[in-house]
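Working notes, structure below.
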Amino acid sequence: MDPTIPLKEEEKESVCKKMWIIGFFGLPFVWFTMACYFWKEKHPKIRFYVFWGLVGFFTELLILVFWMGIFVSKRDSWGETGESLSAVLPVGTQ
Amino acid sequence: MDNKNEGDEQKKKKKHKQKKNTNKVEFYTHYKIHEGKRNPGKEDLDYIVSVYTKQLRKVLIPVAVTMLLVVLVIRTAYKDQEDEGAFNDIMIYDESEDDSAAFRFGGALLNAVIVIAVILVVTVIMVCLYMNGFDWILVGWVVLSVFVILTFYGLLTGLQIIQYTNKSLDWISTLIIALNFGIAGTISIVWKSAKIVNQIFLIIISVLFAAILSTLPEYTTWILLVLLAIYDLIVVLSPKGPLKMLVETAEKKGKPIPGLIYSSMVWFMSTLDKNKKKKKNNKKKKKREEEKEMKKQKKKRKKSSSSSVSNGSESDDILLNNQKINLNSSESESESEINPIHDSDEIDKEETEENEKKTTNIKLRKKGNENNNVKKKKKTQRNNTKKEKESSALLDHSPKLGLGDFIFYSLLISKAAYQDYTTVFTCFVAILMGLSLTLFFLALLQKALPALPLSILFGIIFFFITSNVLVPMISLVFQSHVFL
């Protein structure tokens, strides 16, 4: 419960693996926090998880930014679909 | 074996006697012995002041960041929502400007008293649950409330900020971002995570929760803050109460009390000296903070639905008290253990003992059990290797502040933020002033203290003076083109 207690060596790999698996549910940010936590570890398996977690995070971030860019610029031209997809409708004309 | 035990016991008795005679002087002398100096007085005070200032920075910065973020959120996302939030449906008395001031005051007092009564009831329930071994309920509650705050209220606040900046956003990205944020935050707070990430998420939770609370009607908020400060003071400084039971139970179990604490330092691998000294100064805060954690878990309103966020200040206070008592006992033990020993190996062992004992302290000044525990640990630790020293050095000795404190400071600032920036600035300074004063007393008195009362006192004084006196004066002065 208390996150300030440092992890023992044996537990680190299992915690890392769990975070790695959680990240596959469409949660790249969990991979990012995992990388923040396990950045300085030298265990090869942990480094594997951290490296590929970061790769996954940046890939998904890129996809998300790409999609947001498309949406923001083309929302007007999509008509109804655009409006139904929007969470926030900006006020005023452009 | 028996002779050795007797000899040790006699040593312990001597230590206790010495400790009893000169409490404060021992505190100072212990450091000196450790450093090899022999002159008491000024140098110790200097040391204490230097430790205090280092701790101050580590606590003031997150509080300042939280308050600034709350001001930002309120000025952008919540601007039109003063007195309009969901809390108002639950309050018994609906404030409206049609009623007279006295009537509003009475109604607000009723609201606040009911809230505090609810918090008290929930504290008692939680203490009972914890003591009977149902702490999985508490942990589950913390997980649920953290997840709900981060996901839903984060989503709401984020959407409102984006609406303020007049951008467009689609549901898919919003949901993905909100869920990511919520789950990553929950993981980092209740499970393992990097320290900075943990701190950031705790700050975000405080900001969100304070922004939600800021929608309470005005009179109710002020009276609630005053009553909470008084409640905090009473619960923390009183020697009896459920806190004591809670802390003792926690000690027996050896597990930390479930809740939300902000712990402000990065782990450090330092020398023994630093560890011991900081440990003493930090223990109190830790207790205080653990208590506030418990507070965080309390439900604020009895009629609210199950998904509402809980306000944990009362239980925090209660925990605080227990932890204070814990602190005193652990301090007394540490003093008695450390006192006339000059051998560095023994000191190492004692420190690791103390660290291990941190969560298993039992009672104030109990001689029998403590002596036995200390002895056993000493013997086992003689065989221990460097690893334990390192792990003890890695234990968190940082000053800790409970999230309840963050939230109520931010609540006060948010009330100022609804007015104008001058009030915000003066209240900001007032709260930080109160916090530093509390820390100073903490360093001086070496026992757990409530963090709310002083800051809230200063904050309220400054708020009313500024909004009623300073702001009209400034606007008049500007209109008359007199430049001060």
Side-chain angles (χ1 to χ4, degrees), chain A residues 1-9 11-12 14-16 18-19 21-23 25-41 50 53 57 60-61 63-76 78 81-94, chain B residues 135 138-139 142-143 155 158-177 179-185 187-199 201-202 255-261 263 265 267 286 290 293 359 387 390-391 394-396 398 400:
Chain A
M1 183 64 209
D2 188 7
T4 58
I5 300 174
L7 273 181
K8 301 173 191 168
E9 296 297 325
E11 295 178 346
K12 278 182 181 168
S14 76
V15 167
C16 198
K18 282 179 197 165
M19 284 187 163
I21 293 174
I22 289 175
F25 289 96
L27 300 169
F29 199 54
V30 179
W31 280 331
F32 183 65
T33 53
M34 175 183 82
C36 286
Y37 193 29
F38 290 107
W39 184 248
K40 291 181 184 165
E41 301 299 323
V50 165
F57 169 70
E60 296 202 29
L61 191 68
I63 295 174
L64 189 70
V65 168
F66 194 59
W67 161 249
M68 277 168 73
I70 291 178
F71 181 79
V72 164
S73 51
K74 306 276 179 152
R75 185 183 58 87
D76 295 329
W78 282 348
T81 327
E83 206 174 306
S84 64
L85 272 178
S86 314
V88 183
L89 286 174
V91 177
T93 54
Q94 286 173 342
Chain B
D135 48 347
L138 296 182
V139 173
V142 169
V143 172
L155 185 64
L159 282 180
Q160 278 172 331
I161 291 179
I162 290 175
Q163 203 152 41
Y164 175 80
T165 55
N166 224 16
K167 307 282 182 213
S168 64
L169 199 60
D170 61 314
W171 272 118
I172 303 175
S173 332
T174 324
L175 280 177
I176 289 177
I177 294 177
L179 271 176
N180 263 304
F181 195 63
I183 293 183
I187 287 178
S188 89
I189 289 177
V190 304
W191 202 33
K192 315 287 180 185
S193 73
K195 193 91 173 243
I196 296 182
V197 173
N198 189 32
Q199 292 174 353
F201 275 111
L202 284 173
K255 282 187 257 175
I257 299 171
L260 296 163
I261 317 175
S263 117
M265 239 165 66
W267 296 316
K286 202 192 294 184
E290 284 175 24
E293 289 184 330
T359 51
K387 197 180 179 187
E390 285 180 355
S391 66
L394 279 176
L395 277 177
D396 192 10
S398 59
K400 293 181 186 170

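Just so we're clear, the structure is a prediction, and the values are computed from it rather than from any experiment. We name chains A, B, ... by the order of the sequence lines, and we start the count at 1 in each one.
- Heavy atoms closer than 4.5 Å to chain B are found in the side chain of A:Leu64, but not in its backbone.
- The side chain to side chain contact (heavy atoms under 4.5 Å, CB included) test with A:Thr33 singles out one residue from B:Asn198, B:Asn180, B:Val197, and that residue is B:Val197.
- Within 6.0 Å of the CZ atom in A:Phe32, the count of heavy atoms belonging to other residues, nucleotides or ligands does not exceed 12.
- For the atom pair CE of A:Met68 and OG1 of B:Thr174, the computed distance is 7.5 Å after rounding to the nearest 0.5 Å.
- Nearest heavy atoms, A:Trp67 versus B:Ile172: CZ2-CD1, 4.0 Å.
- The two residues A:Tyr37 and B:Ala194 make their nearest non-hydrogen contact at CD1-N, 3.3 Å.
- For the pair B:Ile187/A:Val30, a side-chain contact is recorded, criterion being any heavy-atom separation below 4.5 Å from C-beta on.
- B:Tyr164 does not touch chain A: none of its heavy atoms, backbone or side chain, sits under 4.5 Å away.
- Proximity to chain A is limited to the side chain of B:Ile177, based on heavy atoms less than 4.5 angstrom apart.
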